[in-house]
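The analysis underlying the following values was restricted to heavy atoms, covering all of them including side chains, and did not include hydrogens, waters or symmetry mates. In what follows, chains carry the letters A, B, and so on, assigned in the order in which the sequence lines appear, proteins first and then strands, with residues in each chain numbered from 1.
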Amino acid sequence: MSVAELLQLFVHFLSLSLLAVGGAITVAPEMHRYVVAEQGWLGDDQFTASIALAQSAPGPNVLFVTLIGWNAGGWAGALAATAGIMLPSSTLSLLAFRWTQRRHQLPWVRAFRTGMAPITIGLLLATGWILAAQNLANPLLIAVSLATIAVLVKTRINPLWLIAAGALCGIAIGG
Amino acid sequence: MTRDPIGRRPPGFHVKAARRDYYSATMRIDAEDPPAPASRQPQSPVHLFLAFNRLALRGFGGVLPWAQRTLVEEEGWLSNHEFVEMLALAQVLPGPNIGNLALMIGDRFFGLRGALMAISGMFAAPLVIVIALAMLYSGFSDQPTVAAALRGMGAVSAGLIVGTAVKLIRSSPPHRAGWAMMAATFLMVGLLRWPLVWVMLGLGSLSVWLAWKRGRP
């Protein structure tokens with residue numbers, strides 16, 4: 001990956017940072033559109049693996065962004081992607097936190113939260129769809145996704161077990 | 001210490017919504033706790049770093065439940081009430097909720113230095129682990145078994161994300177305009193693959209404006 005491309009990656013993720021209301025995963029569809037479909041820096045399978053690995057490893061799930069950067073451009077890519085996605089939102093968070101510590105009446109925060117909630121949820125659904133849609137040719141994997149939804153909603157089981165079960169199901173289903 | 005503004009809020013203000021958001025993160029707390037401020041505080045920024053490092057490393061499949069356990073129950077730096085209030089703000093803001101929360105808690109005790117130590121504590125070790133895993137994976141990715149396992153894990157990841165969305169919907173069902181906004185977002189981003197910036201600016205401002213109007217007497 002050239003320096004110009006690293007810069008493009010950094011700037012694009014900078015621009016996504018402030019849109020990631022509800023977590024970086026909500027901008028995953030846009031990341032996919034840019035880094036996979038438009039730039040071709042990494043493949044579909046690498047993109048999905050980045051998300052799966054970050055979710056199965058300990059730590060914040062936002063590290064999937066680090067992995068996307070790493071897959072696209074090694075350590076420099078990982079740094080560019082992580083710094084890009086974290087810097088603007090972290091700065092804003094600190095400023096907003098200090099601001100709200102001084103003020104109690106926040107009608108616009110309520111409107112923002114109420115208004116953005118359905119958009120955030122719509123983005124989560126879109127992300128899940130984009131990840132699952134790669135398996136449309138394989139109904140068994142779609143069944144795994146659907147079963148995961150049911151178990152997550154109906155039980156309090158640690159998702160780690162679901163991810164482990166998913167790995168076994170994947171092996172059982174095969175190529 | 002600057003913890004008083006939170007503790008002194010009029011009872012009930014914001015708390016319902018905060019509690020709803022909080023439950024959506026699938027944690028159990030007693031949200032009726034009196035908003036008594038927490039008793040203890042971190043001894044140093046290094047103490048912050050270590051606590052956030054600990055909770056991040058325990059956080060398989062989601063760090064948030066561990067954050068509550070570590071910060072409220074074990075360290076006692078925040079009451080449940082204070083934790084809910086901070087989390088509500090962290091969720092409204094862009095960026096990872098848990099990262100925002102770390103910044104806020106660190107800032108509250110040691111200013112900018114504390115914020116940086118808290119977020120480094122949360123990220124340093126997991127970042128190395130996740131890249132090590134990716135390296136292992138790239139060495140083995142041509143093995144059909146590994147590729148199949150990862151495909152299965154990816155299918156679960158997709159289910160976890162949709163399942164989280166379902167939980168959020170159930171914990172605070174949107175009204176009619178909200179459903180329309182949700183469906184439009186899914187259609188434009190998920191199916192049509194339009195660039196997110198324009199969807200967020202267009203639909204987002206429309207949705208916030210509608211909420212603003214509804215919220216006025």
Check your understanding: What heavy-atom pair brings A:R98 and B:G111 nearest, and what distance separates the two atoms?
Key -> NH2-C, 4.0 Å

Exercise for review: Specify the closest pair of heavy atoms between A:P58 and B:P126, including all atoms of both residues, with the distance to one decimal.
Suggested key: O-CB, 3.5 Å

Review point. Quick one: what part of A:A150 sits under 4.5 Å from any heavy atom of chain B, side chain, backbone, both or neither?
Key: neither

Review point. Which of the residues A:S90, A:S15, A:A172 is involved in the greatest number of heavy-atom pairs with chain B at under 4.5 angstrom?
Key: A:S90

Exercise for review: Could you tell me which non-hydrogen atom of A:R33 sits nearest to which non-hydrogen atom of B:R193, and how far apart they are?
Suggested key: CD-O, 3.5 Å

Check your understanding: Pick one: which of B:T185, B:I161, B:V162, B:V189 meets side chain to side chain contact (heavy atoms under 4.5 Å, CB included) with A:L125?
Key -> B:V162

Study note, to complete from the structure: Counting heavy-atom pairs under 4.5 Å with chain A, the top scorer among B:G159, B:A183, B:A125 is B:G159

Check your understanding: So which of A:L18, A:I130, A:I85 has the biggest tally of heavy-atom pairs under 4.5 Å with chain B?
Key -> A:I130

**Study point:** Structural part of B:L187 lying under 4.5 Å from a heavy atom of chain A
**Key:** neither

Practice item. To the nearest 0.5 angstrom, please state how far the CZ atom of B:F123 sits from the CG atom of A:L63. Key: 5.5 Å

**Study point:** CE-CD1 distance between B:M181 and A:I121, expressed to the nearest 0.5 angstrom
**Key:** 13.5 Å

Study note, to complete from the structure: Comparing A:V144, A:V151, A:L141, A:L146 against chain B, the one with the most heavy-atom pairs below 4.5 Å turns out to be A:L141

Exercise for review: Please flag which part of B:I131 lies under 4.5 Å from any non-hydrogen atom of chain A: side chain, backbone, both or neither.
Suggested key: both

Review point. With only heavy atoms counted, which part of A:L67 is less than 4.5 Å from chain B, the side chain, the backbone, both or neither?
Key: side chain

Point to revise | Atom pair CE (B:M153) and OG1 (A:T148), whose distance is rounded to the nearest 0.5 Å | key: 12.0 Å

Practice item. Please report the C-alpha distance between B:R151 and A:T48 in whole Å, then the side-chain angles of each, then the deciding distance to 0.1 Å, and finally whether the side-chain contact (heavy atoms from CB on, under 4.5 Å) criterion is met. Key: CA-CA 8 Å; B:R151 260 200 307 280; A:T48 315; over 6 Å; no

Study note, to complete from the structure: So CD1 of A:I51 and OG of B:S157: to nearest 0.5 Å the spacing works out to 7.5 Å

Exercise for review: With the side chain counted from C-beta on, respond yes when A:P118 and B:W179 share a heavy-atom pair under 4.5 Å apart, and no when they do not.
Suggested key: no

Practice item. Between chain B and each of A:P60, A:A54, A:A147, count heavy-atom pairs under 4.5 Å; write down the option with the most. Key: A:P60

Exercise for review: Evaluate the criterion side-chain contact (heavy atoms from CB on, under 4.5 Å) for residue pair A:L94 and B:M104; output intermediate values, then yes/no.
Suggested key: CA-CA 6 Å; A:L94 267 185; B:M104 291 173 187; 5.8 Å; no

**Study point:** For chain A, the option from B:G99, B:G190, B:A149 that forms the most heavy-atom pairs under 4.5 Å
**Key:** B:A149

Check your understanding: For the residue pair B:L150 and A:A52, what are the closest heavy atoms and their distance?
Key -> CD1-CB, 4.1 Å

Review point. Any donor-acceptor pair under 3.5 Å linking the side chain of A:S145 with the backbone of B:A155?
Key: yes

Check your understanding: Non-hydrogen atoms of chain A under 4.5 Å away: do they reach the side chain of B:L160, the backbone, both or neither?
Key -> both

Exercise for review: Please state whether the side chain, the backbone, both or neither of B:A134 comes within less than 4.5 Å of a heavy atom of chain A.
Suggested key: both

Study note, to complete from the structure: For A:L124 and B:A165 the tightest heavy-atom approach is CB-CB, 3.9 Å

Point to revise | Distance, nearest 0.5 Å, that separates CH2 of A:W70 from CE of B:M135 | key: 5.0 Å

Study note, to complete from the structure: The interface call for A:W75 against chain B, heavy-atom contacts under 4.5 Å, is side chain

Point to revise | Value rounded to 0.5 Å, distance of CZ in B:F186 from CD1 in A:I119 | key: 14.5 Å

**Study point:** B:M122, part contacting chain A, at a heavy-atom distance under 4.5 Å
**Key:** both

Practice item. Would you indicate whether the side-chain heavy atoms of A:F97 and B:L103 approach each other to under 4.5 Å? Key: no

Exercise for review: Can you tell which part of B:M188 gets under 4.5 Å to a heavy atom of chain A, answering side chain, backbone, both or neither?
Suggested key: neither

Revision key, fill the gap. What one should report as the nearest heavy-atom pair of B:W194 and A:E30 is O-OE1, 4.4 Å

**Study point:** Contact class of A:T66 relative to chain B, heavy atoms under 4.5 angstrom
**Key:** side chain

Point to revise | Top contributor to chain A contacts, counting heavy-atom pairs under 4.5 Å, from B:A180, B:G178, B:A158, B:A177 | key: B:A158

Check your understanding: Of the backbone (N, CA, C, O) and the side chain (C-beta and beyond), which part of A:V62 lies under 4.5 Å from a heavy atom of chain B, both, or neither?
Key -> side chain

